[in-house]
Amino acid sequence: MLKKKLCTWLECKPLLMFLKFKDEVSSVLSNALESAGFETCDMALGESPHADIASSVAFRLASRYKKSPKEICDIIRDKIKIVPDSYIERVETAGPYLNFFASRAFLNENVLRILLDRENFGRLGNKGKIILEHTSANPDGPLHIGHVRNSVIGDTLARILDRAGFDVERQYYINDMGRQVAVVVWGLENFKLDTTKKPDHAIAEVYIEANKTLVDEKEHSPEVNNFMKKYEEGDTDTITLFRNAMDTAILGIKETLIRMNIHHDNFILESRFVRSGDVDKIVERIKETGRAAIKDGALMVDLKDKGIQKALVIQRSDGTSLYTTRDLAYHEWKAGQCDRMIDILGADHKLISSQLKAVLSIIGIKEPEIVIFEFVSLPEGSMSTRRGVFISADEVLDQVRQAAYEEVAKRRPETDEEFKKKVSEFVGIGAVRYDIIRVSPEKSTTFDWKQALDFEKQGAPFIQYAHARACSIIKNAEEKGAVLGEFDPNILVEEQEVALIKKLAAFENVIDIAAHDLKPALPAIYARELADAFNQFYRFVPVLSAEPEYVKARLALVECSRIVLANALDTLGITAPESM
RNA sequence: GGGCUCGUGGCUUAGCCAGGAUAUAGCGCCGGGCUUCUAACCCGGAUGCCGGGGGUUCGAAUCCCCUCGGGCCCGCCA
């Protein structure tokens, strides 16, 4: 059996090879510095187009030891000792730079490791429970494209952290005590819900209509306030009305999320923290610190010593709680059941989230890590559910699917309707997710239909296509009777093969950095580069028409590519198709 | 007015936190490649005072200061 053989082969081999390669370079270099009599400082390791790992450490020592960087570099190189079986093949100097290259052993073991670990390749050994909160859109209408940015960033980060080894719980926090839900409830009492529409869209209609009416007819405002008051007091009939409204909206929201391969493990109502008394308790705790003071009737916390000029109001003058107070209680609750908390929030929450963190630190509660993303606006300005000015996620998904359908129909006219529909759905979802995640969260963006529906760019379909190609080769191989079996990885020496293996090997490092820095765009960029490397291999290195021993080895490399492409796509929440 | 953030070829964008080798990639543009494992592909080319100005440094897209432009926020909304 191939698998058994691989197991024996890889016994005692490190699980994380790229990380080991990096460590090896680091220690080899560190030893060389020491024996050369240089003080070991920052190794200055980095990526480079000239090497697999490069070091510019010579610059840092130059002035201190009164030698040119180049001289220092040569001295270091002469002191470098590479042991047999090392993942380092050799080290070269290029002027003041030290360039390290990966060894054949590194390449071979990666190929074998991928074949052995399969979907678990790139899974890291981190431990600990993380509660990641994302989306948390108010239940007053469908998700719009701004919410989707939150959802996609949150879900991708959750997938990255999961692959990095953490136990990740995804939570959706429902703000059920704010005015918007009360407006929806009031609207449902006064207007008819269109039950033929998707429930979240129907709720939005009622919400928009209610808001319009409440502006025009101010006399209804107390009715909304009354709903809020009775809900906060725990009136059972009112609770039923609120639950009904929220369930309807959330039902539709969940449907959209599921369509995008996004799920939550837990939906948490903010009202539970008021009813449980946790909100009152946390207010008392803050009062005990002596930092809270009544000003204009409201209870405020001074945060100047935390670098925040704006004091935070934690209780209204009428004694009721605010969103922030309830959020404090929510975080206290979360902190008690995990090692880390991560919140994905829009840029409008920058100040409030730093205030939240400051208050939590004052009362000795673990602080959340906050990932802020900038706004998605429309060419005509910012979106607003209340005013009905937004582009819904469903609308975008439908349009993109339609555009994808036209592409499939054009490219694969011989396929049946079911195939075209299936492909256009996963291509559409993938395109939307990829387009969002490839851009760093801190960039503000303007939604553009033309750009959203453009399939010519090198995005998700490009990566999915590379995966489908790999599957196709494997399928054709099976039909020809060529199966995966024993092979000699040493013969994979073509330029494109070596480049592809190195790219495959980098996956675990990408996950490691993305998880550490909370950068969801990294796997997206990596997946595109991997697809690129695979396509070049595909173009220049024949697999099935090669000599028999090459067929075996290259087929194994195709399988490796398929596995890692699938893992990368899975990390992005994008379908890895066998055919498209 | 104050705070945060972004500004990189026509457009979108990586690199910035931890300063170093010709500044990343895509779209678009120009040119080439389907009798060959799916051409949603591959190869080549043109296009950049890294918003502007100063400073630190042997070296700045990256660090510091100033300035201009976009976005977001600024005590009882969420």
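Chain naming here is simple, since letters A, B, ... match the order of the sequence lines and numbering starts at 1 in each. The structure presented is a predicted model; accordingly, all values stated were derived computationally and were not measured.
Side-chain atoms of A:V439 lie closest to B:U13 of the nucleotides B:U13, B:A78, B:A40. Considering only side-chain atoms of A:S48, the nucleotide from B:C17, B:A78, B:A21 that sits closest is B:A21. Side-chain atoms of A:R469 lie closest to B:A39 of the nucleotides B:A40, B:A39, B:A78. The side chain of A:H349 approaches B:A78 more closely than any other nucleotide in the set B:C73, B:A21, B:A78. The nucleotide whose nearest atom lies closest to any side-chain atom of A:F375 is, among B:G71, B:C41, B:C76, B:G71. Looking at the side chain of A:V543, the nearest of the listed nucleotides B:C37, B:A40, B:A78 is B:C37. Which of B:C72, B:C37, B:C27 sits closest to the side chain of A:S382 comes down to B:C72. The side chain of A:D517 sits closest to B:A18 out of B:A21, B:A18, B:C16. Checked against B:C41, B:C37, B:A14, the side chain of A:N535 finds its nearest nucleotide in B:C41.
Between A:R316 and B:C77 there is a side-chain polar atom (N or O) within less than 4.0 angstrom of OP1 or OP2. Using a 4.0 Å cut-off, no side-chain N or O of A:Y323 falls inside it from OP1 or OP2 of B:C76. Put simply, A:R179 has no side-chain N or O that comes within less than 4.0 Å of OP1 or OP2 on B:A78.
Straight-line distance between the C1' atoms of B:G69 and B:G53: roughly 15 Å, to the nearest whole Å. Taking the C1' atom of each, B:A23 and B:G15 are spaced 8 Å apart, rounded to whole Å. Annotation: B:A46 and B:C30 have their C1' atoms spaced 7 Å apart (nearest Å). The separation of B:G28 from B:A21, taken at their C1' atoms, amounts to 31 Å, rounded to a whole angstrom. The same atom, P, is picked in B:U22 and in B:C74; the two are 47 Å apart, to the nearest Å. Using P as the reference atom, B:C11 and B:G55 are 30 Å apart when rounded to the nearest Å. Straight-line distance between the P atoms of B:G9 and B:A25: roughly 15 Å, to the nearest whole Å. Nucleotides B:C73 and B:G54 place their C1' atoms 30 Å apart, quoted to the nearest Å.
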Report summary line: In 5'-to-3' order, the base (B), backbone-only (S) or no-contact (-) status of each nucleotide in nucleotides 3-11 of chain B, using a 4.0 angstrom heavy-atom cut-off, is -BSSS----

Requested in this report: Sugar-phosphate atoms are those with a prime plus P, OP1 and OP2; base atoms are the rest. Using that split, label each nucleotide of nucleotides 43-48 of chain B B, S or - for protein heavy atoms under 4.0 Å, 5' to 3'.
Outcome: S-----

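With salt bridges taken as basic N to acidic carboxylate O contacts below 4.0 Å, none links A:R272 and A:D176.
When rounded to the nearest whole Å, the span between CZ of A:R326 and C1' of B:A78 equals 8 Å.
Side chain of A:S384 to backbone of A:V389: no donor-acceptor contact under 3.5 angstrom is found.
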